[in-house]
**Student:** 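Pasting a structure below so you can have a look.
Keep in mind the model is a prediction, meaning the values are calculated, not measured. Just so it is clear: chains get the letters A, B, ... in the order the sequence lines come, proteins before strands, and each one is counted from 1.
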Number of protein chains: 2
Amino acid sequence: MPERCPLFAGLSPEQYQSALRLLSAQEKSHARGEILKSAPDPLPAFGLVLEGGVAVSMEDIDGREMLLNHVGPGQTFGEALCYLEETAPLIITAVADSRVLWLRCGGLKTPGNDELRQALRLRFTAMLARRTLRMNDRIQILARGSIREKLNAFLTECVRDAGGLCFSVPFDRAGMAAYLGVDRSALSRELSHMRQEGLLTYHKNTFALQMQLTKGG
Amino acid sequence: MPERCPLFAGLSPEQYQSALRLLSAQEKSHARGEILKSAPDPLPAFGLVLEGGVAVSMEDIDGREMLLNHVGPGQTFGEALCYLEETAPLIITAVADSRVLWLRCGGLKTPGNDELRQALRLRFTAMLARRTLRMNDRIQILARGSIREKLNAFLTECVRDAGGLCFSVPFDRAGMAAYLGVDRSALSRELSHMRQEGLLTYHKNTFALQMQLTKGG
DNA sequence: ATATGCCTGTTGCAATTGCAACAATTATGG
DNA sequence: CCATAATTGTTGCAATTGCAACAGGCATAT
């Protein structure tokens, strides 16, 4: 399963085992609802989700919790924080019973020159770069004015990721609303309107777009 | 001046010269309004702003331009895109007469093991990691509901960066509105209200907070 | 089967916001 | 110094949105 992570993709079994050693890998199980990191904690290792799902949120200045990202199988969380060995008021929670492979950055930073270490360094940096680009997309969604526009942008991105007009989102309505930065009931309302207009159908967290919502698809 | 960039901070003059060579550094001047990269272009080098300022925006699905970031002296732009050698619909514009040091990632990715190269790799990765954390803050601002809340969060961050209650922002009102994802006139209105309430004073792009806007300062 | 709790949809209402148009103020260029 | 452009502030109005409260559906546990 970890081969799905770009950090390990394409490694031979021996290389993979060496990589695990280099990164002090430790697999752990976490029950749904378990807090993997609370706001003031540091993060000694970053996580690769093997199974289940994890939410990254941030403690609001007013103490409320604000959803930053959902991390599914094959995806990672906390690399930036772990690499910098800094603290940030991030909260990480298991949103489903999950297995997580915990990895340490230390081995990437020590001076060794072996081929594997160099490859992992490149891959790690590429992961961060890719995350940066994805966050640009997220910002673009949030900066839009209306709920309709946010939904268009969000669903379009889902279509792109899924490679088809039918897909599931890893959120319930409340989570989706938090992710888009809108009120939950207002989101339900807008989704209803869009369904009435024949733009899409949905059931729970599964959506099916009837056509491209945006021009230039 | 480039010493202000974490990529070069603390290097000896000789190391610095070697680093410039390694990164194929080229300094260029750009007039205000010049487009450094339009939406479909690739980005063969990333930029370190020496003087002036640069705006990174993104082509909206509807073709409108959406402000993602402002880059001031000592800061960099385009590292992620350049490192991945991918294309993304980012638009980069000089918002003032500027001098930019253009740097290439190639030298970081080739296998060499010399000390300087390793140091630059570490620093480059750290830069990306830091950017990731800053983008989290930005997302947190944008995800807030009301203009008042966005302003509180934005101004609080400015105070933190400036280290004092008085600071300038690198935007005019229109840019600030775009950065916060709100209407320009609505932003002016809200700022007026806050001034009337005695929370702050401002003139053009200079602000002075009267006190911490948020509890727990 | 029934009860309980969680998630989702609905709706009225008040407040906020975007929009547009215009006034006022400040830069810019000749 | 004047003319012109650019930026900022103001305001009325309509539309969107958040809020709150509630109803129905679905799942789980007993």
Side-chain angles (χ1 to χ4, degrees), chain A residues 31-33 53 55 60 62 64 66-67 70 93 95-97 141-155 168-197 199-208, chain B residues 31-33 53 55 60 62 64 66-67 70 93-97 141-154 168-197 199-208:
Chain A
R32 175 193 160 108
D60 195 278
D62 309 326
R64 290 175 311 188
M66 182 155 286
L67 184 59
H70 176 272
T93 320
V95 293
D97 291 339
I141 291 176
L142 282 171
R144 284 158 173 270
S146 66
I147 294 182
R148 175 72 66 110
E149 281 181 315
K150 289 183 182 184
L151 267 172
N152 277 357
F154 173 68
L155 296 174
S168 293
V169 300
F171 307 115
D172 59 13
R173 282 286 174 286
M176 192 166 156
Y179 190 77
L180 298 178
V182 299
D183 179 71
R184 182 195 60 79
S185 71
L187 174 62
S188 275
R189 177 166 44 200
E190 196 60 32
L191 280 171
S192 286
H193 291 164
M194 292 174 78
R195 177 157 58 183
Q196 280 172 18
E197 295 171 30
L199 297 174
L200 50 73
T201 59
Y202 58 90
H203 175 69
K204 298 199 46 161
N205 66 338
T206 302
F207 292 78
Chain B
R32 174 194 161 106
D60 194 278
D62 308 327
R64 290 175 314 187
M66 184 156 283
L67 184 59
H70 175 273
T93 320
V95 293
D97 290 340
I141 291 176
L142 282 172
R144 286 159 173 268
S146 66
I147 293 182
R148 177 71 65 108
E149 281 182 315
K150 289 183 181 183
L151 267 172
N152 277 357
F154 174 67
S168 294
V169 301
F171 307 115
D172 59 12
R173 283 285 175 286
M176 193 167 157
Y179 190 77
L180 298 178
V182 300
D183 180 70
R184 182 194 60 79
S185 70
L187 174 61
S188 275
R189 178 166 43 202
E190 196 60 34
L191 280 171
S192 287
H193 291 164
M194 292 173 78
R195 176 158 56 184
Q196 280 171 18
E197 294 172 30
L199 297 174
L200 51 75
T201 59
Y202 58 91
H203 175 69
K204 299 202 40 166
N205 65 339
T206 303
F207 293 78

**Student:** Looking only at the side chain of B/Y202 (C-beta and beyond, no hydrogens), which of the listed nucleotides D/dG9, C/dG9, D/dG18 gets closest?
**Tutor:**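 In terms of side-chain proximity for B/Y202, the closest of D/dG9, C/dG9, D/dG18 is D/dG9.
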**Student:** So if I apply the side chain to side chain donor-acceptor pair (under 3.5 Å) rule between A/E190 and each of A/K150, A/R148, A/R195, which one comes out positive?
**Tutor:**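 It is A/R148, the one option of A/K150, A/R148, A/R195 that forms the side chain to side chain donor-acceptor pair (under 3.5 Å) with A/E190.
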**Student:** Does a distance-only test, which skips hydrogens and angles, find a donor-acceptor pair under 3.5 Å between the side chain of A/R189 and the base of D/dG18?
**Tutor:** yes
**Student:** May I ask you to decide if the ring planes of A/F171 and A/H70 are parallel, tilted or perpendicular, using 30° and 60° as cut-offs?
**Tutor:** perpendicular
**Student:** Between A/K150 (NZ) and D/dG18 (P), how many Å, whole number?
**Tutor:** 7 Å
**Student:** For the side chain of A/S188, starting at C-beta, report the closest nucleotide among C/dG18, C/dG9, C/dC7.
**Tutor:**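 Among the listed nucleotides, the one closest to the side chain of A/S188 is C/dG9.
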**Student:** Whole Å only: how far is the NE2 atom of B/H203 from the P atom of D/dT7?
**Tutor:** 15 Å
**Student:** Nearest whole Å is fine: how far is D/dT8 P from B/F171 CZ?
**Tutor:** 12 Å
**Student:** Measure CZ/B/R32 against C1'/D/dA6 and give the value in whole Å, please.
**Tutor:** 9 Å
**Student:** Is any side-chain heavy atom of B/L67 less than 4.5 Å from a side-chain heavy atom of B/M176?
**Tutor:** no
**Student:** Heavy-atom nearest nucleotide on DNA chain D for A/A186 versus B/A174: which residue maps closer to 5'?
**Tutor:** B/A174
**Student:** Name the nucleic acid region contacted by A/L191, choosing base, sugar-phosphate or nothing; use a 4.0 angstrom heavy-atom cut-off, strictly under.
**Tutor:** nothing
**Student:** What's the CG-P distance between A/L180 and D/dT17, to the nearest Å?
**Tutor:**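 So the two atoms are 12 Å apart, to the nearest Å.
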**Student:** Counting heavy atoms from C-beta on, name the nucleotide in D/dT8, C/dT8, C/dT10 closest to the side chain of B/D172.
**Tutor:**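 From the listed options, D/dT8 comes nearest.
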**Student:** Under 4.0 Å between a side-chain N or O of A/S192 and OP1 or OP2 of C/dT10?
**Tutor:**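 It does, given that an N or O in the side chain of A/S192 lies less than 4.0 Å from OP1 or OP2 of C/dT10.
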**Student:** Let me know the distance between CD of A/E149 and C1' of D/dT16, rounded to the nearest Å.
**Tutor:** 12 Å
**Student:** Does the side chain of A/Y202 reach to within under 4.5 Å of the side chain of A/S168, using non-hydrogen atoms?
**Tutor:** no
**Student:** Between B/K204 and C/dA27, is there a contact of a side-chain N or O with OP1 or OP2 at under 4.0 Å?
**Tutor:** yes
**Student:** Taking the nucleotide of DNA chain D with the closest heavy atom to each, which residue, A/S185 or A/S146, is nearer the 5' end?
**Tutor:**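 It is A/S146, whose closest nucleotide lies nearer the 5' terminus.
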**Student:** Between B/I147 and B/L180, is there a side-chain heavy-atom distance shorter than 4.5 Å?
**Tutor:** no
**Student:** CG of A/D183 versus P of C/dT17: gap in Å, rounded?
**Tutor:** 14 Å
**Student:** State whether A/R184 places a side-chain N or O below 4.0 Å from either non-bridging phosphate oxygen (OP1 or OP2) of C/dT8.
**Tutor:** no
**Student:** Rounded off to whole Å, could you give me the CZ-to-C1' distance for the A/R148 and C/dG18 pair?
**Tutor:** 17 Å
